[in-house]
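Ligands are counted one by one from 1 in listed order, and the atoms in each one are counted from 1 as well.
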Amino acid sequence: MIRTAAALLALFALAPAASAQETPEWSLAIHGGAGTLLRENMTPEQEAEYRAAMQAALDAGAKVLAEGGSAMDAVEAAIVRLEDDPKFNAGRGAVFTWEGTNEMDASVMDGSNRAAGAVAGVGTVRHPIRLARAVMDDGRHVFLSGDGAEQFAGEKGLEIVPPEWFATEHRRRQLEEMKAKNLSALDVEFKFGTVGAVARDRQGHLAAGTSTGGMTGKRWGRIGDSPVIGAGTYADDRACAVSATGWGEFFIRAGVAHAICDRMLLAGEGVQQAADTVMADVAQMGGDGGVIAVSKDGEAVFSFNTPGMYRARANSSGMSEVAIFAED
Ligand code: GLY
C-alpha cells in the first residue's frame with residue numbers, strides 16, 4: 001500500500017551544494033516528476049534518454065539566465081522543452097483521463113511582484129505553461145479553466161493543436177492496464193511525471209512554474225496541486241521559489257509551496273530545512289512526491305519522499321547536474 005510505504009520512506013535530498021559558496025549570479029532547478037524510480041527497473045538506454053532530456057531542458061533554461069534573461073523566461077523555456085517531450089506527464093505525453101482524453105493543468109508565479117497565472121483542464125493548447133504565463137501577463141485573473149481557458153488561449157494567439165497531439169501510445173497502455181487490473185488512479189506509477197522549474201536571475205528575482213497531465217484515470221474534472229498557487233507553485237523574492245510533484249491532494253491540503261516559503265520568511269529557516277520539514281509533513285499525512293526550491297540567495301535544493309525524482313540544477317558558478325535515483 002503506497003500510503004504506508006510513503007510514510008516509511010526517508011526523505012532523500014541532495015546536499016545543498018551552493019550553501020558553502022558565494023551567492024551565484026543565477027540559479028535554476030527543474031524536475032520531471034517523482035515516483036518509484038529504481039535503477040533496476042530502468043534499462044541503461046532508458047536512463048540515458050531521461051538524463052539527456054533533463055539536461056536539454058536544464059540547458060534551455062540556463063541559456064536564458066546566462067544571457068541575462070529573467071527567471072520567468074528561464075522557467076518557461078525549461079518547461080516548454082519538457083512539455084514537448086512525450087516521456088514526461090505534461091503537454092505531449094500527458095496521462096489519460098478515465099474517459100480517454102488528456103486534460104492538462106499548469107501555473108506560474110513571479111516572485112518580484114507575486115503575480116501568478118494558472119490554467120486547469122485544457123486539452124488543445126500545445127504549451128499549457130505558456131497559457132498560464134499569458135493569464136499572468138494579462139493580469140485580470142489568476143486562474144482559468146476548461147473551455148474558457150481554451151478560448152483565452154485562442155485570443156492570445158497561443159499555439160492550438162488537435163487533441164491527438166497529446167495522445168501517446170505508452171500513456172494509453174497505462175490507462176488500459178489500470179482499468180484491466182482494476183487499479184486506482186492513486187497507485188504510484190499512475191500519478192507521477194509532472195514537470196516544473198524554479199529560477200533566480202541576475203537581478204535577484206525568483207520565478208516558479210509547474211505543468212502536468214495530472215493522474216492517469218482521473219475523473220470528474222479532478223484537478224491536482226500543479227495549477228494551485230501555494231500548493232504546486234509559489235514564488236516570493238523575499239524567500240524562495242518552489243515547484244512540486246506528487247500526490248496532488250496532499251500537496252493542496254498541506255499548501256506545500258507556500259508553506260516552504262513561509263517557513264523561510266517567518267521562521268528564518270534555510271531552504272533545505274524548510275523543504276525537508278514540509279515534505280516530512282506531507283509524508284506524515286500519507287502523501288508522496290517531492291519539491292524543487294531555489295532561495296533568494298540562489299541555493300537550489302531538492303526534497304522528496306519517493307525512491308527517485310527526475311531532477312537537475314545549474315548555476316552561474318558552473319554547476320550543471322542531473323539526477324534520478326535517491327542515491328545519485
Ligand atoms: N501533482 C500532480 C497532480 O496531482 O495532478
inquiry  = We want to know whether T212 and D105 form a side-chain donor-acceptor pair, criterion being a heavy-atom distance below 3.5 angstrom.
reply    = no

Please list every donor-acceptor pair under 3.5 Å in which a side-chain atom of residues 132-144 meets a protein atom from a residue at least two apart or in another chain.
unit_1 : atom_1 : unit_2 : atom_2 : d
R133   : NE     : D137   : OD2    : 3.4
R133   : NH1    : D73    : OD1    : 2.8
R133   : NH1    : E76    : OE1    : 2.8
R133   : NH2    : D73    : OD1    : 3.1
D138   : OD1    : R140   : NH2    : 3.1
D138   : OD1    : K156   : NZ     : 3.0
D138   : OD2    : R140   : N      : 3.4
D138   : OD2    : R140   : NE     : 3.0

query = Under 3.5 Å, is there a donor-acceptor pair linking the side chains of D110 and S112?
reply = yes

key: Backbone or side-chain N or O of T212 under 3.5 Å from ligand 1 N or O   = no

Short side-chain donor-acceptor distance under 3.5 Å, E83 and S211 = yes

note = For G246, the atoms of ligand 1 under 4.0 Å from one of its heavy atoms are 1 (N), 2 (C), 3 (C), 4 (O)

task = Please identify which atoms of ligand 1 are closer than 4.0 Å to at least one heavy atom of S226.
result = 1 (N), 2 (C)

message = What I want to check is whether the side chains of H258 and D236 have a donor and an acceptor closer together than 3.5 Å.
response = no

message = At less than 4.0 angstrom from any non-hydrogen atom of T194, what atoms of ligand 1 do you find?
response = 1 (N), 2 (C)

ask   = What atoms of ligand 1 come within less than 4.0 Å of a heavy atom belonging to G248?
value = 4 (O)

key: Contact check, side chains of F88 and Y50, non-hydrogen atoms, under 4.5 Å   = yes

request  = Look at ligand 1 and say whether R222 reaches it with a heavy atom at a distance under 4.0 Å.
outcome  = yes

message = Test of understanding: given a 4.0 Å heavy-atom threshold, classify the contact between M104 and ligand 1 as side chain, backbone, both, or neither.
response = neither

